[in-house]
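Remember, predicted model here, so these are calculated numbers, not experimental data. Below, chain A is the first sequence line, B the second, and so on; all start at residue 1.
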2 protein chains.
Amino acid sequence: MILKPMTKEPNHKPHHHGDLRTALIQAGISLLSEGGKESLTLRKCAARAGVSHAAPAHHFDGLAGLRAAIAKEGFRLFRLSMLAACDDNNPSDLDRLKGICSGYLNFAIENPALFDLIFSAAPMAGFEADLEQGTTFAYKVLRDACAPVVPEGQDPMVVETQVWSLIHGYTNLYMAGRFGPVDPTQQARGPFDAVMALLDTFDATTSKT
Amino acid sequence: MILKPMTKEPNHKPHHHGDLRTALIQAGISLLSEGGKESLTLRKCAARAGVSHAAPAHHFDGLAGLRAAIAKEGFRLFRLSMLAACDDNNPSDLDRLKGICSGYLNFAIENPALFDLIFSAAPMAGFEADLEQGTTFAYKVLRDACAPVVPEGQDPMVVETQVWSLIHGYTNLYMAGRFGPVDPTQQARGPFDAVMALLDTFDATTSKT
DNA sequence: AACCTGATCTTTACGCTGTCAAGTTTGGCA
DNA sequence: TGCCAAACTTGACAGCGTAAAGATCAGGTT
């Protein structure tokens, strides 16, 4: 009688490669951080993973699918960056919100091409479902940080829109060099204090205690 | 001996185009608005202008140069859109600023790919000089609109950074569909009122008369 | 008049890209 | 065992940016 392997993973195991799908995503992230968004290529990802140029087609639906998958992972890292910037010991609600925003900018400075990718919807048409999941996942961090400073009786969406627009706009403009040269060491962040100062005004609306 | 053509037939068109450079830029803008940023191609621009695919090389330094030239024209149109949205009869300083911001969003809705192009620095590396000229040209409109609401003794850069980040961030997020589907008719602009509401708070800082 | 020179545009070619179609390998199962 | 479907390879194709070299033309020089 034939003995069947008892320990079998529930998922289909790739035959040649250990986990090609993950390897391709990681290769793509590396390519993005090394050569910018122009360097993200199906063929380069395949070569870096050690497979033929057409192998990615079996794991992603074309380049758009790969980009969507990378964006999904990018949102996960983005969320971690936001949380890492405000894990101080019991800061105030406002300090926590400012920390989240600081992490927002940090992530863009540390991963410029990946930040660009996750917020560019165009080249991932047809994958809105995957993207929306990643968006809401990361957006929840910002939403939770905004909640404590929302005035009573006001729609939380108002403050969320204001804060998100503010930090997202500053980050984009800073990364595009509109506030001067970008400093990859995060020492010089341009007039970021102006953003923090405006966030400070959100405190006054609720500090009635 | 292989016979060679002794008489040259006029199979070549006249080697002079009226204003090929301008025609290529206009063709590029049309391509952007019709097919999105992926449709902007040197060869398509050349074909639309009725010249061979390599003709643009003599007027622009590659694709990056064409993009920079298109961006420069885009900034001019962008400035006009901002000004057109606030040419009411003697509005207040704050209403004027809100009109500028409304025009900011209008331009992005009406010219999504062009708006994307003018604020994406990456694919135009080496042409910062051209771009900075266009940026400052359009930025001056926003700066002038911010000036009247700057509190006395404060650096105008603070308010400019806050307002620019706010409107730029909202426009980008709205265009990326983060506030729901984009409405090309400009009827539904998402939670844009939240941005306007925050701009209203800038009034209180100076209304001491 | 003939000549030349630089600018403009064409032609050809190369490598890289995404994508498709068809063939090959492999692991697991009846 | 023999088969099957998934994973991957191979080959081909059109479109892309770019470079080199040829063709044409306008205008000034001699």
Side-chain angles (χ1 to χ4, degrees), chain A residues 1-25 27-28 31-32 35-70 117 122-127, chain B residues 4-25 27-28 31-32 35-70 122-127:
Chain A
M1 66 285 291
I2 311 284
L3 262 270
K4 296 204 235 178
M6 322 283 271
T7 62
K8 180 71 191 76
E9 258 89 64
N11 282 355
H12 310 205
K13 201 167 243 181
H15 299 161
H16 284 163
H17 194 284
D19 190 354
L20 183 54
R21 188 188 154 90
T22 302
L24 288 168
I25 294 177
L31 284 167
L32 278 177
K37 78 172 104 169
E38 312 291 324
S39 294
L40 177 56
T41 282
L42 279 177
R43 292 173 109 107
K44 284 188 200 161
C45 286
R48 195 164 284 213
V51 292
S52 76
H53 69 267
H58 293 264
H59 296 276
F60 309 99
D61 189 6
L63 180 60
L66 174 61
R67 293 170 73 97
I70 291 177
L117 176 67
M124 298 179 280
F127 296 88
Chain B
K4 308 180 73 168
M6 323 189 94
T7 64
K8 293 300 295 181
E9 289 301 317
N11 50 355
H12 293 333
K13 290 185 284 191
H15 283 117
H16 194 11
H17 190 284
D19 191 354
L20 183 53
R21 189 188 154 90
T22 302
L24 288 169
I25 293 176
L31 284 167
L32 278 177
K37 79 170 104 170
E38 312 291 322
S39 294
L40 178 55
T41 282
L42 278 177
R43 292 171 109 106
K44 284 187 199 161
C45 285
R48 195 164 284 214
V51 293
S52 77
H53 70 266
H58 293 267
H59 296 274
F60 309 99
D61 190 4
L63 181 61
L66 174 62
R67 294 171 73 97
I70 291 177
M124 297 179 281
F127 296 89

On a heavy-atom basis, which atom in [X] and which in [Y] lie closest, and how many Å separate them?
X     : Y     : result
A:G28 : A:L40 : CA-CD1, 3.7 Å
A:L32 : A:K37 : CD2-CA, 3.6 Å
A:H53 : A:A46 : CA-CB, 3.9 Å

* Asked: Can you tell me how far the NE2 atom of A:H59 sits from the CG atom of A:L24, to the nearest 0.5 Å?
  ->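 Between atom NE2 of A:H59 and atom CG of A:L24 there are 6.5 Å.
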* To do: To the nearest 0.5 Å, tell me how far B:D61 CG sits from B:L66 CG.
  =>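 If I round to the nearest 0.5 Å, the distance is 11.0 Å.
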Measure [atom1]/[X] against [atom2]/[N] and give the value in whole Å, please.
X     : N      : atom1 : atom2 : value
A:L66 : C:dT19 : CG    : C1'   : 14 Å
A:D61 : C:dG18 : CG    : P     : 14 Å
B:F60 : C:dC9  : CZ    : C1'   : 14 Å
B:R67 : D:dT18 : CZ    : P     : 11 Å
B:E38 : D:dC16 : CD    : C1'   : 12 Å
A:L42 : C:dT19 : CG    : P     : 6 Å
A:L24 : D:dA7  : CG    : C1'   : 12 Å
B:H53 : D:dG17 : NE2   : C1'   : 9 Å

* Tell me which of B:H58 and B:G62 sits closer to the 5' end of DNA chain D, going by the nucleotide each one is nearest to. =>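 Upstream on the strand: B:G62.
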* To do: Check the pair A:L42, A:F60 against side-chain contact (heavy atoms from CB on, under 4.5 Å), reporting the backbone distance first and the verdict last.
  => CA-CA 10 Å; A:L42 279 177; A:F60 309 99; 5.7 Å; no
* **Shortest side-chain distance from A:A54, nucleotide among D:dG11, D:dC16, C:dT11** =>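 Ranking D:dG11, D:dC16, C:dT11 by closest atom to the A:A54 side chain puts D:dG11 first.
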* **B:R43 side chain, from C-beta outward: closest of C:dA13, D:dA19, C:dC9** =>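 Of all the options, the side chain of B:R43 is nearest to C:dA13.
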* To do: State, to the nearest 10°, the angle formed by the axis through the first five base pairs of the helix from C:dA1-D:dT30 to C:dA30-D:dT1 and the axis through its last five.
  =>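 Roughly 30° between the end axes, to the nearest 10°.
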* **A:V51, A:L63, A:L31 screened by side-chain contact (heavy atoms from CB on, under 4.5 Å) with A:C45, the one that passes** =>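 With A:C45 as partner, A:V51, A:L63, A:L31 yield a single side-chain contact (heavy atoms from CB on, under 4.5 Å), made by A:L31.
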* To do: Ignoring backbone atoms, establish whether B:H59 has a side-chain N or O less than 4.0 Å from OP1 or OP2 of C:dC9.
  =>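 Checking B:H59 against C:dC9: at least one side-chain N or O falls below 4.0 Å of OP1 or OP2.
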* Using a 4.0 Å heavy-atom cut-off across all strands, classify A:T41 as base, sugar-phosphate, or nothing. =>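 Sugar-phosphate contact only - A:T41 comes under 4.0 Å of backbone atoms but never of a base.
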